[in-house]
There are 2 protein chains.
Amino acid sequence: MRLSTKGRYAVTAMMDIALHERVGPVTLADISQCQGISLSYLEQLFAKLRKGGLVEGVRGPGGGYRLARPADQISVADIIQSVDEKLDMTKCGGKGNCSQGEKCLTHQLWFELSCNLYRFLSGIKLDQYVNRPDISELVKKQDIQYGRFLNRPQAIA
Amino acid sequence: MRLSTKGRYAVTAMMDIALHERVGPVTLADISQCQGISLSYLEQLFAKLRKGGLVEGVRGPGGGYRLARPADQISVADIIQSVDEKLDMTKCGGKGNCSQGEKCLTHQLWFELSCNLYRFLSGIKLDQYVNRPDISELVKKQDIQYGRFLNRPQAIA
DNA sequence: ATAATTCCTGACTAAATTAGTCGGGAATTA
DNA sequence: TAATTCCCGACTAATTTAGTCAGGAATTAT
């Protein structure tokens, strides 16, 4: 498993969408501005997230992206895997043929590390943050600051 | 925290040393050959591991590297931090000023992720693998295969 | 219809990181 | 004295990350 800023970008963007789920689709332009990520780079990431089945695109005015399934069924591991590809940290990809057909010295270490890491990251679901009052507070502030969703009544409620 | 093959190289090399602790210092040339990592790249990594206080170099014939402290006091987190620098995944470095002086939407997420990840990785100590019979078996096999430590009586025992 | 919005696609460039190379020097042991 | 090994810095190559650009396709609003 690779864990870099690329994955952070993806998770940040997904969080943004999850936090505005009840408002409707969120545009990449909005995410780009509010989270400070280049629009075209976001498009690359979302191409992967779409292929990974995590989001759906809605075209046209009022469109944007929305989650393809409920926020409590999308984990951080899902997101990172969608953009970073690799799941495990073993050299051999879990096959156990890292050293002349045999397991290398550190195969066990990486295998167990991968398992535990995956278990941990897949335990964190997006909805855990959606339902937190301190986060909701921040969302409201930021939306006002950037004048987001002014034309959507749900945003105020 | 960055988690890439660079960190894997470092942990693999450290494991190799830990697994031969009772034999004596291990040379980078040996690690290079057995673990399939370029010698000069290892030297770069070990410059950092030395600065991080994890290993000590021993010069001259019969020299090599050995752990600077007992294997049960060296964690995977220690190693990764030494070569990868960064500990946390927040954009702001834990300061909480990621978005115009305020915390960004995902600050909490990354902060908590960093904490948990660190707690997990620092819970894995090198000695956990040194004391496992299945690993010891592998070590012995590999050492014979590469003709390692033939001149050192401890290696056979 | 038309125009505006937004996703969507592919090719391209730039920066950063990772990985590896090279040449040499310093300390230690035999 | 010679061999071994760490140690150091500069350099190059490959890969990944990040960003740019130019356009096209679907949808909505006018």
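Everything numeric in this text was worked out from a predicted model, so none of it was measured. Chain letters run A, B, ... following the sequence lines, proteins first, then strands; residues in each count from 1.
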Show, in sequence, the C-alpha distance, side-chain angles and deciding distance for B/Leu109 and A/Ile124, and conclude whether the side-chain contact (heavy atoms from CB on, under 4.5 Å) test is met. CA-CA 9 Å; B/Leu109 171 69; A/Ile124 305 178; 4.2 Å; yes
Roughly how many Å is it from [atom1] in [X] to [atom2] in [N], rounded to a whole number?
| X | N | atom1 | atom2 | value |
| --- | --- | --- | --- | --- |
| B/Ile80 | C/dT17 | CD1 | P | 17 Å |
| B/Leu3 | D/dT16 | CG | P | 16 Å |
| A/Arg148 | C/dT6 | CZ | C1' | 15 Å |
| B/Phe46 | C/dG20 | CZ | P | 15 Å |
| B/Asp30 | D/dT5 | CG | P | 8 Å |
| A/Leu28 | D/dA26 | CG | C1' | 15 Å |
| B/Arg66 | D/dT5 | CZ | C1' | 13 Å |
| A/Lys48 | D/dT16 | NZ | C1' | 10 Å |

Please check the phosphate of [N] (OP1 and OP2 only) for any side-chain N or O of [X] closer than 4.0 Å.
| X | N | result |
| --- | --- | --- |
| B/Ser4 | C/dT17 | no |
| A/Arg50 | C/dC8 | yes |
| A/Tyr65 | C/dT6 | no |
| A/Thr27 | C/dT5 | no |

Which word best sums up how the rings of B/Phe46 and B/Tyr65 line up, parallel for under 30°, tilted for 30 to 60°, or perpendicular for over 60°?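 Because their plane-to-plane angle lies in the 30° to 60° range, the rings of B/Phe46 and B/Tyr65 count as tilted.
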Does the side-chain contact (heavy atoms from CB on, under 4.5 Å) test come out yes or no for B/Leu126 and B/Ile79, once each step is laid out? CA-CA 10 Å; B/Leu126 288 181; B/Ile79 297 167; 4.1 Å; yes
Counting any heavy atom closer than 4.0 Å, what does B/Val26 reach on the DNA or RNA strands: base, sugar-phosphate only, or nothing?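 Sugar-phosphate contact only.
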Watson-Crick or G-U wobble mate for C/dA30, both contacts under 3.5 Å: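 Across any shown strand, C/dA30 pairs with D/dT1.
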Less than 4.5 Å apart, any side-chain heavy atom of A/Val139 and any of A/His20?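 Yes, close enough: below the 4.5 Å cut-off.
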Under a 4.0 Å heavy-atom cut-off, which of residues 38-45 of chain B touch DNA chain C?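 Of all residues in residues 38-45 of chain B, the ones placing a heavy atom under 4.0 Å from DNA chain C are B/Ser38, B/Ser40, B/Tyr41, B/Gln44.
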Atom NZ of B/Lys103 with >12 non-hydrogen neighbours under 6.0 angstrom: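 12 or below, so no.
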What about A/Phe120 and B/Phe120, are their ring centers closer than 6.0 Å?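 Aromatic pair excluded; centres sit 6.0 Å or further apart.
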Residue [X], side-chain atoms from C-beta onward, closest of [options]:
| X | options | value |
| --- | --- | --- |
| B/Tyr9 | C/dT18, C/dC7, C/dG20 | C/dG20 |
| A/Pro61 | D/dT17, D/dT5, C/dT5 | C/dT5 |
| B/Lys6 | C/dT6, C/dT5, C/dT18 | C/dT18 |

Which pairs pass salt bridge (charged side-chain N to carboxylate O under 4.0 Å, His left out) with one or both residues in residues 105-132 of chain A, sequence neighbours excluded?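 For residues 105-132 of chain A, and leaving out neighbouring residues, the salt bridge (charged side-chain N to carboxylate O under 4.0 Å, His left out) pairs sorted by first residue read A/Glu112-B/Arg132, A/Arg132-A/Asp134, A/Arg132-B/Glu112.
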